[in-house]
Trainee: 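A single structure is presented below for examination.
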Amino acid sequence: EAGVAQSPRYKIIEKRQSVAFWCNPISGHATLYWYQQILGQGPKLLIQFQNNGVVDDSQLPKDRFSAERLKGVDSTLKIQPAKLEDSAVYLCASSLQGMNTEAFFGQGTRLTVV
Amino acid sequence: SQKIEQNSEALNIQEGKTATLTCNYTNYSPAYLQWYRQDPGRGPVFLLLIRENEKEKRKERLKVTFDTTLKQSLFHITASQPADSATYLCALDPNAGNMLTFGGGTRLMVKP
C-alpha cells in the first residue's frame, strides 16, 4: 500500500517569506498529524485532524502557522511569515481512527530559513 | 509539568549484545505507550505498542516493558546488529485520544 506522501522534500526560504507543505495520508486514515522536529529532538505535535475537523492545535503558533484538511483527505501546513527558529523537519503522519493505533509517517519536509 | 524523558546521550554497544533504552514519564497516566525507530532523513517507523495492563511485549528480537508504578518503559534489542543503529523514540497518548507525544529519542550505535 502507498505510504504517506509529502512535498516538497526540501525548502530553503528567507525569513519573513511564506511557505506551504503538502501531505497526502494513507487512504482510509481518518486521523492526520503535523509534527515539527528540530534537529536532535523528538517530533513535537503541531496539529491533529480527525477527518476534516481539528482535534488539537494547542501547540500550533497560530500567529504564523495555519493548517487545513479539506475534504478530510489531503492537508496543507503554511507558515507566514517564517522565522529563523522555524528551521526544522515537518513531518506528516496518519492513522486509523481510534485508540491504540500506530501512526505512519511521511519522509518529511526539511525547511531551512535563512 | 508533563515530561517524557529519554537518554539524550548516544548508546554505544557491541554487536551481539543486548541494548536497553529507557523512557521515563512524569505527570501522565497513559493507557498505552509506543516505540518508534527513526533513521537519518526518514520519518519514524512504528515498532511496538504496549498497553497499561501489559507488563511485557515481544516481537522477534525486540522486547518492551511497561511499569506504570515507576512510570517507565524499557526497550530491549537482543543480539543487536549494526543494522539496528538508529534513533529510538518512545511516544504516549496523554488523553486517550491518539494524540501521540514523543520523547526526545535515544541514538543507538551498534559496532561490529
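Lettering follows sequence order; numbering is per chain, from 1.
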Trainee: Is it the side chain or the backbone of B:R107 that comes within 4.5 Å of chain A heavy atoms, both, or neither?
Mentor: neither
Trainee: For B:R58, is there an ion pair with B:E56 - N to carboxylate O distance below 4.0 angstrom?
Mentor: yes
Trainee: Given heavy-atom pairs under 4.5 angstrom as the criterion, report whether the side chain, backbone, both or neither of B:L89 touches chain A.
Mentor: side chain
Trainee: Select one option (side chain, backbone, both, neither) describing which atoms of A:Q37 are under 4.5 Å from chain B's heavy atoms.
Mentor: side chain
Trainee: Under 4.5 Å, counting heavy-atom pairs only, tell me which of B:G104, B:S8, B:A91 racks up the most with chain A.
Mentor: B:G104
Trainee: Output the option from A:Q41, A:E102, A:Q107 having the highest count of non-hydrogen pairs under 4.5 Å with chain B.
Mentor: A:E102
Trainee: Of the backbone (N, CA, C, O) and the side chain (C-beta and beyond), which part of B:Q38 lies under 4.5 Å from a heavy atom of chain A, both, or neither?
Mentor: side chain
Trainee: Taking atom CZ of B:F46 and atom CH2 of B:W35, what is their separation to the nearest 0.5 Å?
Mentor: 12.5 Å
Trainee: How long is the span from the NZ atom in B:K17 to the NZ atom in B:K111, to the nearest 0.5 Å?
Mentor: 14.5 Å
Trainee: Using a strict 4.0 Å threshold on nitrogen-to-oxygen distance, state whether A:K62 and A:D57 make a salt bridge.
Mentor: yes
Trainee: Decide whether B:L92 and A:L45 are clustered together by the hydrophobic rule: side chain heavy atoms of Ile, Leu, Val, Met, Phe, Trp, Tyr closer than 4.5 Å, transitively.
Mentor: no
